[in-house]
*Asks:* 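Here it is: the structure, laid out below.
Counting from 1, the numbers follow the sequence of the chain as shown. Below, all heavy atoms of this structure are taken into account, side chains as well, without hydrogens, waters or symmetry copies.
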Amino acid sequence: MRRRLIALLKTRFRNVFATQKDADVFLAPGRTDPAEAMCSPKSESCREDASVEHIYCRGVLTELLKYGPRDLHAAAKTSNPPRVLILIIPGNPGVVGFYKTFMWTLYQAFNRQYPVWSVGHAGHCAPPDSMDMVEDASVMEEDVFGLNGQIEHKLAFLSEHVPRDTHLVLVGHSIGCYITLQIMKRNPELKVVKSVMLFPTIERMACSPQGQVMTPVLCRLRYAAYLPVFLLSLLPERLKAGLVQLALRNLYSLDTTMIPATVSLINVDCAGNAMYMGSQEMRLVLERDNSTIRQHLNKLIFYYGATDNWCPVQYYYDMRRDFPEGDIRLCERGLRHAFVMDAGEEMANMTTEWIRDDLRGLKH
């Protein structure tokens, strides 16, 4: 249904903005094009840029962001192979560019000793010119963009791209924490050293304050968003970047890596896949998986926000009550659920301290 709508809209509006010039009105005087601003001014993270790759995983377009070796199977054959991979499982939208400063800070904190990768959610990135959203039409027979499809997608990525003897530090954010728990549950043979759960949406999502607002939007009204997203997608890249910068102007310490990452979402397929996944989150993320948490409790760190409308502070107290021996923390720094917007470096520094001893204890 969505693809038929997109095809119709493209036919009607293809030339609407064809002659529109780049607009500078939204750019502050003296600033460079925000679409090209790929560095955090705080961390100067572009001194060594990340490797961005597009691959097919389970037949679906997938974006990867990597610091360190790009091919762990090839690196395993060298004289000094990496024994640990720090893998980021993003929230929704699963755009890896949001985590660039966070990842760079982690990579630097361990003296570039451990590769730091992030695997985006299936279908949450715009296809490069040489690729399509899906490798073959038969892929669409499976629910590849749904929540379970995204879990299987991450398991397939690990199976195909990470050597079996690699020790893993999994860092989940938001719904990425739910996916991380499912990864550990479905493949207990993975050598997970630690799993860090940042602002974990692992239970009662539809009952949360934000969930009560977003459930009807995602489950019943999401098709209404396709037309405005499509119209915005027709704008020149410079104008889209300016609009994003304008929308985020009230964030005093905005990480400028957010701008191109957000612009990449102004695409009907990407936005549609993210909203569809979100609709399933509201329906499927219900009861907390206490069995899996209990089984892996010594490997888990939970970090809850003090003012998180996706995961209210009561969920933190419930976790502390049910798992008093667990490493369950409440944010005392006022960080927002979407910490990547302005606190990626700060969050990475905390994560570094939490996992340092576990990595130091590994035999190399």
*Asks:* Could you label the plane-to-plane angle of the Phe339 and Tyr99 rings as parallel, tilted or perpendicular, counting under 30° as parallel and over 60° as perpendicular?
*Replies:* perpendicular
*Asks:* Could you give the distance from NE2 (His54) to CG (Leu61), rounded to the nearest 0.5 Å?
*Replies:* 6.0 Å
*Asks:* So Arg336 and Asp342, salt bridge (Lys or Arg N to Asp or Glu O under 4.0 Å) or not? Walk me through it.
*Replies:* CA-CA 9 Å; Arg336 68 182 79 236; Asp342 54 4; 3.0 Å; yes
*Asks:* Evaluate side-chain contact (heavy atoms from CB on, under 4.5 Å) for Val285 paired with Leu147, printing each intermediate quantity in order.
*Replies:* CA-CA 9 Å; Val285 182; Leu147 184 55; 3.9 Å; yes
*Asks:* Can you tell if the side chain of Tyr107 reaches within under 4.5 Å of the side chain of Ile86, non-hydrogen atoms only?
*Replies:* no
*Asks:* Nearest 0.5 Å, what's the CG-CG distance between Leu72 and Asp165?
*Replies:* 10.0 Å
*Asks:* Are the side chain of Asp308 and the backbone N or O of His337 linked by a donor-acceptor pair below 3.5 Å?
*Replies:*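 No; judged by distance alone, with no hydrogens or angles, the pair does not exist.
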*Asks:* Work out which heavy atom in Met258 is nearest to a heavy atom in Phe98; give both atom names and the distance.
*Replies:*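 Shortest heavy-atom separation between Met258 and Phe98 comes out as CE-O, 3.0 Å.
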*Asks:* List the atom of Arg222, the atom of Cys219, and the distance in Å for their closest heavy-atom pair.
*Replies:* NH1-O, 4.1 Å
*Asks:* Would you check if there is a donor-acceptor pair between the side chains of Tyr276 and Asp143 at a distance under 3.5 Å?
*Replies:* yes
*Asks:* Is the side chain of Ser159 donor-acceptor paired with the backbone N or O of Leu155 at a distance under 3.5 Å, no angle test?
*Replies:* no
*Asks:* Show, in sequence, the C-alpha distance, side-chain angles and deciding distance for Glu189 and Arg164, and conclude whether the salt bridge (Lys or Arg N to Asp or Glu O under 4.0 Å) test is met.
*Replies:* CA-CA 9 Å; Glu189 295 182 359; Arg164 284 188 175 184; 5.4 Å; no
*Asks:* Quick one: do the His296 and Ser195 side chains pair a donor with an acceptor below 3.5 Å?
*Replies:* no
*Asks:* What is the minimum heavy-atom distance between Cys125 and Met133, and which atoms define it?
*Replies:*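 Distance-wise, the nearest heavy atoms are O-CE, 3.5 Å.
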*Asks:* Is there a side-chain contact between Leu85 and Trp117, using heavy atoms and a 4.5 Å cut-off?
*Replies:*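 They are in contact (side-chain heavy atoms under 4.5 Å apart), so the answer is yes.
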*Asks:* How long is the straight-line distance from OH of Tyr315 back to CD1 of Ile328, given to the nearest 0.5 Å?
*Replies:*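 Interatomic distance, Ile328 CD1 to Tyr315 OH, rounded to 0.5 Å: 15.5 Å.
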*Asks:* Answer whether the closest heavy-atom distance between the side chains of Ile266 and Ser233 falls below 4.5 Å.
*Replies:*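 Heavy-atom side-chain distance check passes, below 4.5 Å.
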*Asks:* Decide whether Leu221 and Tyr223 are clustered together by the hydrophobic rule: side chain heavy atoms of Ile, Leu, Val, Met, Phe, Trp, Tyr closer than 4.5 Å, transitively.
*Replies:* no
*Asks:* Asp357: what forms a side chain to side chain donor-acceptor pair (under 3.5 Å) with it, not counting sequence neighbours?
*Replies:* Arg360
*Asks:* I'd like to check the side-chain contact (heavy atoms from CB on, under 4.5 Å) partners of Ala109; sequence neighbours left out, ordered by chain and number.
*Replies:* Thr352
*Asks:* For the side chain of His161 and the backbone of His73, is there at least one donor-acceptor N/O pair under 3.5 Å apart?
*Replies:*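 A pair under 3.5 Å: no.
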*Asks:* Could you tell me which non-hydrogen atom of Leu335 sits nearest to which non-hydrogen atom of Ala343, and how far apart they are?
*Replies:*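 Taking Leu335 first and Ala343 second, the nearest heavy atoms are CD2-CB, 3.7 Å.
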*Asks:* Would you say the side-chain atoms of Thr62 pair up with the backbone N or O of Val60, donor to acceptor, closer than 3.5 Å?
*Replies:*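 Pair found, side chain donor or acceptor close to backbone of Val60.
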*Asks:* Keeping Lys299 on the side-chain end and Val192 on the backbone end, is there a donor-acceptor pair under 3.5 Å?
*Replies:* yes
*Asks:* State which residues pass side chain to side chain donor-acceptor pair (under 3.5 Å) with Arg294; sequence neighbours excluded, sorted by chain then number.
*Replies:* none
*Asks:* Assess whether atom CG of Asn298 is packed by more than 12 heavy atoms of other residues, nucleotides or ligands within 6.0 Å.
*Replies:*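 Count over threshold, so yes.
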*Asks:* Please evaluate residues Phe157 and Leu87 with respect to the criterion side-chain contact (heavy atoms from CB on, under 4.5 Å), reporting the C-alpha separation (whole Å), side-chain torsions for both, the decisive distance (0.1 Å), and the verdict.
*Replies:* CA-CA 11 Å; Phe157 174 80; Leu87 183 65; 4.2 Å; yes
*Asks:* Report yes if the side chains of Asp255 and Val340 come closer than 4.5 Å at any heavy-atom pair, otherwise no.
*Replies:*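 No; the side chains remain at least 4.5 Å from each other.
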*Asks:* Please test Thr257 against Trp104 for side-chain contact (heavy atoms from CB on, under 4.5 Å), starting from the C-alpha separation and ending with a verdict.
*Replies:* CA-CA 12 Å; Thr257 61; Trp104 167 255; over 6 Å; no
*Asks:* I need the Leu300 CG to Leu181 CG distance, nearest 0.5 Å.
*Replies:*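 With rounding to 0.5 Å, CG (Leu300) is 6.0 Å from CG (Leu181).
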*Asks:* Within this structure, what is the OG1-CG distance for the pair Thr256 and Leu248, rounded to the nearest 0.5 Å?
*Replies:*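 So the gap between those two atoms works out to 11.5 Å.
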*Asks:* Does any pair with a residue in residues 195-205 pass salt bridge (charged side-chain N to carboxylate O under 4.0 Å, His left out), and if so which ones, sequence neighbours excluded?
*Replies:*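 For residues 195-205: Glu203-Arg288, Arg204-Asp318.
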*Asks:* Flag yes if Met140 and Met131 sit in one hydrophobic cluster, no otherwise; membership is Ile, Leu, Val, Met, Phe, Trp, Tyr, and two members link when side-chain heavy atoms are under 4.5 Å apart.
*Replies:* yes
*Asks:* For the side chain to side chain contact (heavy atoms under 4.5 Å, CB included) test, which of Ile301, Leu168, Leu359 pairs with Lys194?
*Replies:*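 One option only clears the test, and that one is Ile301.
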*Asks:* Considering only residues two or more places apart or on different chains, which pairs with a residue in residues 67-82 satisfy salt bridge (charged side-chain N to carboxylate O under 4.0 Å, His left out)?
*Replies:*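 Only Glu53-Arg70 qualify under salt bridge (charged side-chain N to carboxylate O under 4.0 Å, His left out).
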*Asks:* So, Arg321 versus Tyr317: side-chain donor-acceptor pair below 3.5 Å or not?
*Replies:* no
*Asks:* Other residues, nucleotides and ligands only: do more than 12 of their heavy atoms fall within 6.0 Å of CD on Glu332?
*Replies:* no
*Asks:* Apply side-chain contact (heavy atoms from CB on, under 4.5 Å) to residues Thr351 and Phe102 and explain how you reach the verdict.
*Replies:* CA-CA 10 Å; Thr351 303; Phe102 177 77; 3.9 Å; yes
*Asks:* Atom CZ of residue position Arg356 - does it have more than 12 heavy atoms of other residues, nucleotides or ligands inside 6.0 Å?
*Replies:*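 Yes, enclosed.
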*Asks:* Are the side chain of Thr215 and the backbone N or O of Gln212 linked by a donor-acceptor pair below 3.5 Å?
*Replies:*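 Not a single qualifying donor-acceptor pair exists.
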*Asks:* Looking at Thr201 and Ile175, would you say the former's side chain and the latter's main chain have a donor-acceptor pair under 3.5 Å?
*Replies:*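 Yes; judged by distance alone, with no hydrogens or angles, the pair exists.
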*Asks:* Under the 3.5 angstrom rule, does the side chain of Tyr304 hit a backbone N or O of Gln314 as a donor-acceptor pair?
*Replies:*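 Side chain of Tyr304 to backbone of Gln314, a donor-acceptor pair under 3.5 Å: no, none is there.
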*Asks:* Taking the side chain as C-beta and beyond, is there a heavy-atom pair between Ile89 and Val119 under 4.5 Å?
*Replies:* yes
*Asks:* Between Ala76 and Pro81, which heavy-atom pair has the shortest distance, and what is it?
*Replies:*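 Scanning both residues, the minimum pair turns out to be CA-CB, 3.6 Å.
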*Asks:* Kindly assign one of parallel, tilted or perpendicular to the pair Tyr303 and Phe199, based on the angle between their ring planes and the thresholds 30° and 60°.
*Replies:* perpendicular
*Asks:* Does any non-hydrogen side-chain atom of Val52 lie less than 4.5 Å from one of Glu63?
*Replies:*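 Sidechains of Val52 and Glu63: in contact.
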*Asks:* Can you tell me how far apart OH (Tyr178) and CD1 (Ile151) are? Round to the nearest 0.5 Å.
*Replies:*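 Going from OH on Tyr178 over to CD1 on Ile151, the span is 5.5 Å.
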*Asks:* Do Ile202 and Ile293 come within less than 4.5 Å of each other through their side chains, counting heavy atoms only?
*Replies:*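 In contact.
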*Asks:* Where the side chain of Asn273 meets the backbone of Gly123, is there a donor-acceptor pair that is under 3.5 Å apart?
*Replies:* yes
*Asks:* Determine whether Pro312 and Pro209 make a side-chain contact, defined as any pair of heavy atoms from C-beta on separated by less than 4.5 Å.
*Replies:*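 Side chain of Pro312 against side chain of Pro209, heavy atoms only: contact under 4.5 Å found.
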*Asks:* Please find the pair of heavy atoms, one from Gln150 and one from Ala122, that lie closest to each other, and give the distance.
*Replies:* OE1-N, 2.8 Å
*Asks:* Quick one: sort the His121 and His124 rings into parallel, tilted or perpendicular, breaks at 30° and 60°.
*Replies:* perpendicular
*Asks:* Examine distances only and state if a side-chain atom of Asn349 and a backbone atom of Glu345 form a donor-acceptor pair shorter than 3.5 Å.
*Replies:* yes
*Asks:* For Ser264, what residues pass the side-chain contact (heavy atoms from CB on, under 4.5 Å) criterion, not counting sequence neighbours?
*Replies:*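 For Ser264, the residues satisfying side-chain contact (heavy atoms from CB on, under 4.5 Å) (neighbours in sequence not counted) are Val95.
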